[in-house]
Amino acid sequence: MEKRHIMDRKIGVYVCECGPNIANALDIDRVIEAVSGMEDVAVVERYKLMCSPDGKKYLAGQIKEHGLTHLVVGACSPKQHEATFMGVCEEAGMNPFLMQMANLREQIAWITPDKEKATERAIRHMKAAIRRVRYHAPLEQKEIECNPDVLVIGGGIAGMSAALLLSSPGRKVFLVEKNEELGGMVSRCEKLFPDMVKGSEITEKRVKSLKEDENIEVLTGTVVENILGFFGNFVVTVRERESEPREFKVGAVVVAIGADLFNPGALAEYGYGKIKNVVTASEFEEMNLKGKIALKEGKIPKSVGIIHCVGRKEKGYCSEVCCRAGIKISRYLKEKIPDASVTQFYQDLCVPGSMAQAFYEETRNAGVEFVCTEGVKLSESAEKIQIDHDGKPAIVDLVVLLPAIEAAESTSKISEMLGVKEGKGGFLAEEHEKIGPVTTTVEGVFLVGTVSGPKTVRDTVSQSEAAAGKILSSLVPGRKLETEAKTSKITESLCTGCRTCLTVCCYSAIEYDESRGICKVNEVLCKGCGNCAAACPSGAAVHQQFTPIQIYREMVEVLR
Amino acid sequence: MTEKKEKAKDQVLVVGAGMAGIEASLTLAAADKKVYLVEKEPLFGGKVIKFEEVFANMECSTCMAAPKQQEVLQNENIELLTLSKVKEVQGEAGNFTVKIEKKARYVSLDDCIGCNECFEPCPVSLPNEFEENLGERKAIYIPCPGALPNVPSIDTENCVRFTKGKDCQLCKEACMFEAIDFGQKDEEVKINVGAIILATGFDLMDLKQISDRGYDGKANVYSALEMERLYASNGPTKGKITLRNGKEPASAAMIHCVGRKKVGYCSAVCCMYSFKFIHYFKDKLPEIKLYDFYSDLCMPGKSYQPFYEHLKDKTESVRFHDLKIAHHNGQVRLDFKSLTGRDEKVDVDMVILAPAVVPADGASELAKMLGIEQAENGFFGFQSSDRSPGESGREGIYLAGCVLGPEDIGRAIAQADAAAGKVLALLG
């Protein structure tokens with residue numbers, strides 16, 4: 001194996017002076033002298049500033065003039081100029097992956113005051129790069145055909161917003177909703193905070209646009225049974241009620257399945273399901289939407305207690321929207337039963353952002369009481385409900401509980417189907433909470449709305465449009481997808497089919513071939529993290545730019 | 001005419017090169033749009049690059065921002081215009097004509113390699129605004145180590161060549177790459193774009209407006225951004241948390257909600273970064289006694305409360321009313337009412353204030369120039385559940401990040417991609 005690679009190698013070695021940065025900090029001539037005789041090294045030179053236009057021209061000329069097969073550049077951090085020098089290689093007709101940089105500036109010159117020591121270190125780093133690059137093989141960035149169509153799972157505000165922005169003549173959008181009606185959680189609210197706009201108004205407008213849109217196919221009463229494939233090439237199986245399964249292809253998947261509410265019946269202190277006239281926020285919304293806020297026995301409540309943070313402790317997180325939802329409910333009450341007394345029992349009032357506090361203050365000024373308390377206990381008291389808080393009792397006709405938002409029941413199934421992991425709080429995990437809030441570690445799969453955690457409608461819409469933005473920019477009709485060149489490979493003959501690699505791959509890039517009992521890397525999905533190569537017990541999985549021999553030769557020189 | 005229009009359709013202007021502006025630019029560039037990314041400062045990266053770490057996972061913020069910044073610098077579809085301001089916008093969605101005032105840097109972005117040799121000989125020293133004036137800089141400078149682009153600029157308001165007309169050439173003589181060019185001129189750049197994204201970010205409220213929080217810029221009462229720079233490894237103290245006399249504090253108090261009453265809203269991120277400061281303090285000074293003064297804890301979402309739970313035992317949490325902060329025998333005295341209404345006081349060495357997030361300086365002028373919606377509190381957009389957050393009230397102009405109100409980074413990034421999505425849907 002090795003012999004074949006080593007034949008006819010001509011390595012060019014270049015040390016950049018980086019003006020005074022490297023030239024003054026170490027003895028470049030000594031470095032040149034030390035590496036000159038090394039195996040396969042055809043030429044060693046120094047240059048004043050390799051990244052300058054003249055420097056790049058010089059380097060390209062050298063590659064052609066000496067017929068170099070491999071290149072080592074001792075200069076700055078690869079973060080600074082690796083792309084620059086790879087570009088030079090390409091221009092000169094050399095595979096850019098046959099170039100290796102040694103970081104003489106940031107890792108040596110700038111941090112080693114002693115010139116002698118700096119020179120020695122530079123020699124070691126240059127030798128390491130030279131010995132390593134001999135084992136580099138040419139790699140290729142491949143292009144694959146892709147399907148621009150998109151599957152959106154979930155027909156709530158999240159899914160509808162994504163579908164509408166994605167639709168265009170060159171792209172078909174399949175919007176799949178398991179219920180018979182679109183609209184989700186928003187359509188089940190009379191109004192939304194903080195501007196008290198009608199929920200149905202928001203959803204109906206969108207439902208109408210969706211139905212009129214020729215590029216969107218709405219599939220209600222339909223569930224997604226399976227999704228196979230990868231970014232640009234997913235195969236989706238859906239089934240509408242009892243009918244035959246249907247299969248279609250898409251390039252990307254937007255998951256907008258929403259969330260559920262925590263069941264307060266699990267917590268004894270709220271008496272939910274036992275004490276009459278204790279209802280959840282969603283039950284209250286339903287009653288209100290039907291047109292009449294009434295007690296079980298039909299009477300109009302004269303006093304209402306709204307309990308915040310139900311299940312917060314058990315869940316371990318704040319559900320973000322409950323405070324504002326509670327305030328909204330007290331607005332319903334004040335509007336429809338003006339003389340009812342309404343009291344909010346809260347722990348911390350969470351009203352973030354530029355609008356929420358005004359919403360709270362207006363409601364408080366309208367006569368809604370806010371009681372800050374550590375916790376409450378409910379009990380039945382002569383047809384009414386007693387709320388014990390901080391050693392004091394309050395008696396009300398009706399209690400509305402604001403339960404925590406929790407991951408939807410179907411989350412695990414979707415997680416398994418798509419390979420997107422369940423993260424904090426059992427919600428699906430984003431690629432990065434800060435800088436990748438709608439992408440996932442599975443390329444081409446996006447999360448929008450409450451599937452990745454509690455969220456307001458506004459933030460949900462923002463995420464839906466963000467996913468659409470990402471898809472519009474990466475999955476362009478007629479354009480091919482470029483894959484990562486520095487991927488892992490699994491050698492079939494060495495693979496024992498133990499599937500260790502499957503468990504460590506963050507990108508769901510490894511498939512197990514049942515019939516042959518071996519694992520395979522999907523080159524489109526692999527991002528070259530190297531986890532599989534490190535974990536593989538039989539040496540079958542290898543990162544193509546970090547092969548054992550490359551790492552070994554490099555380490556031997558660095559540690560010498 | 002048609003030709004010009006076609007060109008505009010392929011180009012987008014992004015104003016503000018913080019995290020939101022960077023994200024929007026990268027997403028648009030990936031769709032093969034030519035992006036003009038305009039930034040008023042000599043460096044880009046926004047507020048985030050002032051932070052050492054980011055809540056709730058305490059990730060290094062430079063490690064988060066720098067790769068994206070590098071991508072911007074290396075992306076052929078993005079033209080970053082630093083020291084630049086939008087002066088005029090005419091036209092309509094699909095075809096805007098934009099005039100940009102681009103100030104001279106006096107250092108060539110092509111020739112400079114960022115070796116910093118030019119700073120030392122400069123005879124002018126002054127407080128460094130990037131370091132919240134806790135450190136110094138020269139008249140030719142890079143705001144902080146690691147700033148990008150890694151090319152200095154000359155501050156003509158302080159360089160003696162420009163202020164006094166002296167023939168000082170010390171920086172030019174020190175430069176081995178002939179990168180310094182006093183002959184550079186301010187330019188007016190005229191571009192045609194199909195759409196505009198505004199991502200001009202936020203400022204923190206000027207603490208001198210709040211009389212009862214003891215902030216005078218001299219005593220040991222600090223703003224949150226000052227604290228960030230004190231802890232920053234590339235900051236003026238190289239990450240050592242010290243008082244103004246150079247000593248380490250033995251006690252400190254974090255004060256939430258500073259200016260909240262005045263602005264009339266909760267700034268959404270202050271509770272979380274105050275907890276982060278608890279981590280900062282305990283990391284550097286494990287023995288320090290800490291107090292956390294709050295009124296309501298705001299830690300929305302699945303990730304923030306666990307972060308608080310992890311830190312709450314490292315501080316004494318005080319839910320307060322009527323807080324007054326004053327200087328007292330070399331320390332800082334906090335007089336307050338507890339929840340039960342009792343008068344109490346605490347003396348500490350150091351106080352960190354969490355000021356309200358307010359619209360960026362110049363936001364009103366920008367809104368007026370562009371003819372877009374501005375709420376009474378100064379933030380842009382509609383703040384309605386029925387509108388996309390990114391809508392500005394004018395077709396072809398979209399919003400992202402803290403121009404919309406106080407947001408955390410995750411929200412700002414989503415809004416940036418949403419704005420990019422709207423642009424791509426509009427321009428095709």
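Numbered from 1 within each chain, the chains take letters A, B, ... in sequence-line order.
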(message) Just so I understand: if I count every heavy-atom pair under 4.5 Å between each of A/Leu192, A/Ile435, A/Val197 and chain B, which residue has the most?
(response) A/Ile435
(message) Would you say B/Asp292 and B/Ser317 are linked by a side-chain donor-acceptor pair, where the criterion is simply a distance under 3.5 Å?
(response) no
(request) Go through A/Arg206, A/His432, A/Lys455 and name the one with the most non-hydrogen pairs under 4.5 angstrom from chain B. (result) A/His432
(message) For residues 458-465 of chain A, give me every residue with a non-hydrogen atom less than 4.5 Å from any non-hydrogen atom of chain B.
(response) A/Arg458, A/Asp459, A/Val461, A/Ser462, A/Gln463, A/Glu465
(request) Answer with side chain, backbone, both or neither: which region of A/Gln347 has an atom nearer than 4.5 Å to a non-hydrogen atom of chain B? (result) backbone
(request) May I ask you to say whether A/Lys470 pairs ionically with B/Glu23, meaning some side-chain N is under 4.0 Å from a carboxylate O? (result) yes
(message) Is any side-chain heavy atom of A/Val321 closer than 4.5 Å to one of A/Ile405?
(response) yes
(request) Quick one: closest heavy-atom pair of A/Ser354 and B/Asn377, and the distance? (result) O-ND2, 3.2 Å
(request) Could you label the plane-to-plane angle of the B/Tyr265 and B/Phe379 rings as parallel, tilted or perpendicular, counting under 30° as parallel and over 60° as perpendicular? (result) perpendicular
(request) Would you mind checking which part of B/Glu59 comes under 4.5 Å of any heavy atom in chain A, side chain (CB onward), backbone (N, CA, C, O), both or neither? (result) side chain
(request) Mind ranking B/Met176, B/Glu309, B/Gln383, B/Lys422 by heavy-atom pairs under 4.5 Å with chain A and telling me who comes out on top? (result) B/Gln383
(message) Regarding A/Glu430 and B/Lys302, does a basic nitrogen lie under 4.0 Å from an acidic carboxylate oxygen?
(response) yes
(request) Please check if any side-chain donor atom of A/Asp54 sits under 3.5 Å from a side-chain acceptor atom of A/Tyr47, or the reverse. (result) no
(message) Looking only at side-chain N and O atoms, does A/Asp348 offer a donor or acceptor that is under 3.5 Å from a partner on A/His308?
(response) no
(message) Heavy-atom cut-off 4.5 Å, strictly under: side chain, backbone, both or neither for A/Cys18 against chain B?
(response) both
(request) Heavy-atom pairs under 4.5 Å with chain A are the metric here; pick the option from B/Ala375, B/Ala56, B/Ala420, B/Gly301 that has the most. (result) B/Gly301
(message) Taking side chain as everything from C-beta outward and backbone as N, CA, C, O, which of these in A/Lys198 sits under 4.5 Å from a heavy atom of chain B? Side chain, backbone, both or neither.
(response) neither
(request) Return the orientation label for the A/Phe370 and A/Tyr346 ring planes: parallel under 30°, perpendicular over 60°, tilted otherwise. (result) perpendicular
(message) Under a plain distance cut-off of 3.5 Å, with no hydrogens placed, do A/Gln344 and A/Arg364 share a side-chain donor-acceptor pair?
(response) no
(message) Taking every non-hydrogen pair under 4.5 Å, which of A/Ala356, A/Cys323, A/Ser452 racks up the most with chain B?
(response) A/Ser452
(message) Given heavy-atom pairs under 4.5 angstrom as the criterion, report whether the side chain, backbone, both or neither of A/Lys79 touches chain B.
(response) backbone
(request) Please state whether the side chain, the backbone, both or neither of B/Gln415 comes within less than 4.5 Å of a heavy atom of chain A. (result) both
(request) Measure centre to centre between the rings of B/Tyr304 and B/Phe55, then say whether the value is under 6.0 Å. (result) yes
